[in-house]
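In what follows, every heavy atom counts, from backbone to side chain, and hydrogens, waters and symmetry copies are set aside.
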Amino acid sequence: HPYPAPRWHPTVNGRLLLGAPDGSLTVINNVDGKKSSVESKVKNCPVEDVQWDPLSTDYLLVAWKMGDMALFDIAQKVEVFRFDRLSQGIRSIAWVRSEPGNFVT
């Protein structure tokens with residue numbers, strides 16, 4: 001499967017995020033058929049996991065296999081914050097719904 005980390009947005013109908021093996025990110029809006037790319041500084045490293053912020057329409061977390069992780073704003077198409085690399089890598093990420101802005105890896 002070319003996209004190991006597909007995620008539907010939990011509150012925006014028809015919005016799908018695809019994290020690809022080459023490290024790229026693509027957002028597809030199935031309602032209007034529009035497709036856009038989100039520029040990442042990580043290249044040639046597979047996306048391990050992606051998660052939409054359940055309290056935002058535009059924020060998402062992305063984790064790459066080598067341990068890089070970043071927060072993106074897809075409306076602005078920018079990387080908001082890059083976290084320190086985790087040497088052991090990242091297998092999955094999840095937002096903590098009871099604590100806005102917090103997540104676990």
Side-chain angles (χ1 to χ4, degrees):
H1 193 281
Y3 293 97
R7 293 286 184 266
W8 290 101
H9 196 287
T11 60
V12 178
N13 187 35
R15 186 180 283 175
L16 178 66
L17 173 65
L18 302 173
D22 67 359
S24 65
L25 305 167
T26 303
V27 178
I28 299 171
N29 185 334
N30 280 347
V31 174
D32 63 12
K34 291 184 180 178
K35 182 170 136 179
S36 62
S37 296
V38 179
E39 187 64 32
S40 165
K41 295 175 185 169
V42 177
K43 305 290 183 207
N44 299 318
C45 182
V47 171
E48 191 69 22
D49 198 8
V50 293
Q51 293 292 332
W52 291 103
D53 181 341
L55 302 177
S56 169
T57 57
D58 299 318
Y59 274 41
L60 59 99
L61 281 174
V62 180
W64 289 270
K65 191 170 189 138
M66 299 295 282
D68 288 306
M69 189 167 65
L71 176 68
F72 286 89
D73 178 337
I74 63 153
Q76 303 298 317
K77 295 185 179 181
V78 296
E79 183 179 292
V80 176
F81 188 80
R82 174 165 299 275
F83 299 90
D84 292 335
R85 177 179 276 183
L86 299 175
S87 61
Q88 71 273 20
I90 299 172
R91 300 289 289 158
S92 64
I93 49 180
W95 290 96
V96 179
R97 289 182 184 261
S98 61
E99 298 177 28
N102 290 312
F103 59 90
V104 294
T105 60

Checklist line | Same apolar cluster (I L V M F W Y, side chains within < 4.5 Å links), Leu25/Val27 | finding: yes
Check: Would a distance-only check, ignoring hydrogens and angles, find a side-chain to backbone donor-acceptor pair under 3.5 Å from Trp52 to Pro10?
Finding: no
Check: What about Ile90 and Phe81, same hydrophobic cluster or not, with Ile/Leu/Val/Met/Phe/Trp/Tyr joined at side-chain heavy-atom distances under 4.5 Å?
Finding: yes
Notebook entry, point to check: Where do His9 and Ser56 come nearest, in terms of heavy atoms and distance?
Noted result: NE2-O, 3.0 Å
Next item on the list: Kindly compute the distance separating CD1 (Ile93) from OG1 (Thr105), expressed to the nearest 0.5 Å.
Entry: 8.5 Å
Next item on the list: Indicate if Leu61 and Val38 have the same hydrophobic cluster label, given that clusters are the connected sets of ILVMFWY residues with side-chain heavy-atom separations under 4.5 angstrom.
Entry: no
Margin query: I need the single residue from Cys45, Ser87, Pro46 that forms a side-chain contact (heavy atoms from CB on, under 4.5 Å) with Met66. Which is it?
Written below: Cys45
Next item on the list: Mind listing the closest non-hydrogen atom pair of Pro54 and Thr11 along with its distance?
Entry: O-CG2, 4.2 Å
Checklist line | Ser24 to Val47 - nearest heavy-atom pair and separation | finding: O-CG2, 3.9 Å
Item checked: Heavy-atom side-chain contact between Glu48 and Trp64 under 4.5 Å -> no
Check: Is Phe103 reachable from Leu71 through a run of I, L, V, M, F, W or Y residues, each pair having side-chain heavy atoms under 4.5 Å apart?
Finding: yes
Item checked: Interatomic spacing from CG in Asp49 to CE in Met69 - rounded to 0.5 Å -> 10.5 Å
Checklist line | Closest non-hydrogen atom pair between Leu55 and Pro100, with its separation | finding: CD1-CB, 3.6 Å
Next item on the list: Kindly check if the number of other-residue, nucleotide or ligand heavy atoms within 6.0 Å of CD (Gln88) is above 12?
Entry: yes
Check: Are Val78 and Val62 connected in a single hydrophobic cluster, I mean Ile/Leu/Val/Met/Phe/Trp/Tyr linked by side-chain heavy atoms less than 4.5 Å apart?
Finding: no
Notebook entry, point to check: Can you tell me if Lys34 uses its side chain to pair, donor with acceptor, with the backbone of Val31 under 3.5 Å?
Noted result: no
Check: Of all heavy-atom pairs between Pro6 and Leu18, which one has the smallest distance, and what is that distance?
Finding: CB-CD2, 3.7 Å
Notebook entry, point to check: Got Arg82 and Val42 here, is their nearest side-chain heavy-atom distance under 4.5 Å?
Noted result: yes
Check: Side chains of Lys35 and Thr26: closer than 4.5 Å at any heavy-atom pair?
Finding: yes
Note to self: Please check if the number of heavy atoms outside Asp32 that lie under 6.0 Å from its CG is greater than 12.
What the structure shows: yes
Check: Where the side chain of Arg15 meets the backbone of Thr57, is there a donor-acceptor pair that is under 3.5 Å apart?
Finding: yes
Margin query: Quick one: does any side-chain atom of Asn102 pair with a main-chain N or O of Val96 as donor and acceptor, under 3.5 Å?
Written below: no
Next item on the list: Applying side-chain contact (heavy atoms from CB on, under 4.5 Å), run through Asn30 and Trp8 and close with a yes or a no.
Entry: CA-CA 10 Å; Asn30 280 347; Trp8 290 101; 2.8 Å; yes
Note to self: Let me confirm one number: the CG-CZ distance from Asp53 to Arg97, rounded to the nearest 0.5 Å.
What the structure shows: 9.0 Å
